[in-house]
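I have placed the structure first, in the form of C-alpha cells, so that the comments after it can refer back to it.
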Amino acid sequence: MPELPEVETVARGLALRMVGRTFAKVEQRRPDLRFPLPVDFARRLTGRSILAIRRRAKYLLIDLDDGQVVLGHLGMSGRMLVSDARPDILETHDHLVFTLDDGACVRFNDARRFGMMDLVPLAELDRHKLLRDLGPEPLGNEFNGPALAASLKGKKTPIKSAILDQKLVVGVGNIYASESLFRAGLSPKRIAATVQGERAERLATSIKQVLTEAIAAGGSSLRDYVQADGELGYFQHQWKVYDREGQACAGCDCDLAKTGGIRRLSQSGRSTFYCSRRQR
DNA sequence: CGGCGGTCCTGTCAGC
DNA sequence: TGCTGACAGGACCGCC
C-alpha cells in the first residue's frame, strides 16, 4: 500500500484519534510480523500515553510518554483500521489490536506480513539500523536539484532504480517513481549520472509536486474517513502513467493505434510505466 | 564498492 | 469450477 503520501495520511489520521490517549489494552496475535516483535511488546505499551505520531521516510513513529518510540512500517499490504470500539469479530490478518482509554480501536492488518514494528528509545532512534542510512526527506529544503544531481553523479543505474533507493531520497516508491519521471519528461531508462543541471532540477521539482499533490488528495479523503471511520490508506488515485499500459498518455495528442500509448517495462523486477514520446 | 537478483508472505486475477 | 502461474504499492541481504 504505502509510499510517502499514504504513510503521511495514515500518520495524520492516527494522530487525530490517538494523540493524548492511552493504550488501555494491546493484543498481539502472533509472535512476528516481518521480524519478531520486541519482547513484551504488548505489555510495554499498555498504560502508555501517546504524545505524538510522526512519519520518517515510509516509517510511522509513535512517541510514548516513557521516552520510547513505536517504529512501524506498513510494508506492501499493511493497513490501519480504526473504529469507535473493538469489533467482536476480528478480520483475518489483524495482527495487532490496540484499544485506547476512550474505547476506540486501532488494528494493524497485514496480509503479506512485510510490515514490521519495533520499540526504540527516542535517544537511539536516529541510530536505528532501519533509519540510520536513510536519505533526505523529499519535501524538505535540503532536497533540491543540485543535491539530487550530486547524489546521482557516477551512478550507472537507470534513473528509475536510483530514485527508488532510499539512501538517495526517501519516500518515493514504485508508483510515484513512474509518476515523477513522467512529469519531469525523463525516460526511466536514462542513466542516472546523466540527470544533471536542468534535468535534476526538473526531477526534484516533479518529485516534490507529485508527492505533495498525493498528500493533498489523502487529506481530502481523510475528511471522509474521519466521519465514516474505517481504513486509513490509499485514497482516490489519478495516476498519469502508473498501471495505464496501452492507454493514451495525457497531453500526448498522438494516434493511439500508431504509438501503442503508455508502455510498460520491467526494471530490476518491478513494473515501470512511461510515455516514450514525452520522456527522454 | 555499486548494482542486481533473490527473497520474505498471502491474495488476486488471467488464462487454460 | 478448479488449478497454475504471474504479479502486487517494500526493502534487506548476499553475490558478482
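Quick note on labels: first sequence line is chain A, next is B, and so on, each numbered from 1.
- In the hydrophobic clustering, where aliphatic and aromatic side chains (Ile, Leu, Val, Met, Phe, Trp, Tyr) are joined below 4.5 Å either directly or transitively, L51(A) stands alone.
- Summarising the geometry, the separation between CZ on R270(A) and C1' on dC7(C) is reported as 11 Å, rounded to the nearest angstrom.
- For dG3(B), the OP1/OP2 oxygens have a side-chain nitrogen or oxygen of K155(A) closer than 4.0 Å.
- S271(A) comes within 4.0 angstrom of sugar-phosphate atoms only, judged by non-hydrogen atoms across all strands, and of no base.
- Residues passing the side-chain contact (heavy atoms from CB on, under 4.5 Å) test with A177(A), sequence neighbours excluded: K160(A), I163(A), L164(A), V172(A).
- Between the CG atom of L33(A) and the P atom of dG10(C) there is a distance of 18 Å, rounded to whole Å.
- For T22(A) and S49(A), the side-chain atoms include at least one donor-acceptor pair closer than 3.5 Å.
- Grouped by direct or indirect side-chain proximity (heavy atoms under 4.5 Å, Ile/Leu/Val/Met/Phe/Trp/Tyr only), I89(A) sits alone.
- N174(A) places its CG atom 11 Å from the P atom of dA11(C), with the value rounded to the nearest Å.
- Between L131(A) and the options V170(A), L71(A), D126(A), a side-chain contact (heavy atoms from CB on, under 4.5 Å) holds for only L71(A).
- Residues that satisfy the ring-ring contact (aromatic ring centres under 6.0 Å, His included) test with F273(A), not counting sequence neighbours, are Y242(A).
- By the 4.5 Å side-chain criterion applied to Ile, Leu, Val, Met, Phe, Trp and Tyr, V97(A) is assigned to a cluster that also includes L90(A).
- Within the structure, no pair that satisfies the side-chain hydrogen bond (donor to acceptor under 3.5 Å, both in side chains) test touches residues 144-154 of chain A, not counting sequence neighbours.
- For L164(A) and dC12(C), the CG to P distance is 13 Å, given to the nearest whole Å.
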*asked:* At under 4.0 Å between heavy atoms, how does the protein contact nucleotides 5-15 of chain B? Give one character per nucleotide, 5' to 3', with B, S or -.
replied: S--BBBS----

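- Here dG10(C) presents its C1' atom at 9 Å from OH of Y59(A), a figure rounded to the nearest Å.
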Polar atom pairs between nucleotides 14-16 of chain C and protein, under 3.5 Å, N or O only, would you list them?
none

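- Note on K129(A): only backbone sugar-phosphate atoms sit closer than 4.0 angstrom, heavy atoms only; bases stay farther off.
- Between dC3(C) and dC9(B), the two P atoms lie 23 Å apart (nearest whole Å).
- Dashed line: the shortest gap from a side-chain N or O of H73(A) to OP1 or OP2 of dG10(C) is not under 4.0 Å.
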Return a table of donor-acceptor pairs under 3.5 angstrom between the side chains of residues 111-124 of chain A and protein atoms on other chains or two or more places apart.
residue : atom : partner : partner atom : Å
D118(A) : OD2  : H128(A) : NE2          : 3.0

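- Look at R264(A) and you won't find any side-chain N or O under 4.0 angstrom from OP1 or OP2 of dA6(C).
- At a threshold of 4.0 Å, the pair D101(A)-R21(A) counts as salt-bridged, since one of the basic side-chain nitrogens sits closer than that to a carboxylate oxygen.
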*Secondary structure of DNA chain C in dot-bracket form (Watson-Crick or G-U wobble, distances below 3.5 Å, | marking inter-strand pairs)*: .|||||||.|||||||

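- At whole-Å resolution of the value, NE2 in H128(A) and C1' in dC12(C) are 13 Å apart.
- Counting Ile, Leu, Val, Met, Phe, Trp and Tyr side chains that sit under 4.5 Å apart, directly or through other members, L265(A) shares a hydrophobic cluster with Y274(A).
- Taking A15(A) as the reference, V19(A), I53(A) meet the side-chain contact (heavy atoms from CB on, under 4.5 Å) condition, with sequence neighbours excluded.
- Residue L168(A) contributes atom CG, which lies 12 Å from atom P of dG2(B) at whole-angstrom precision.
- One can place OH of Y176(A) at 10 Å from P of dG10(C), the figure rounded to the nearest angstrom.
- The side chain of K58(A) places an N or O atom within less than 4.0 Å of a non-bridging phosphate oxygen (OP1 or OP2) of dA11(C).
- Summary of the strand contacts: Y242(A) and K167(A) both lie near DNA chain C, and taking for each the nucleotide with the nearest heavy atom, the more 5' one is attributed to Y242(A).
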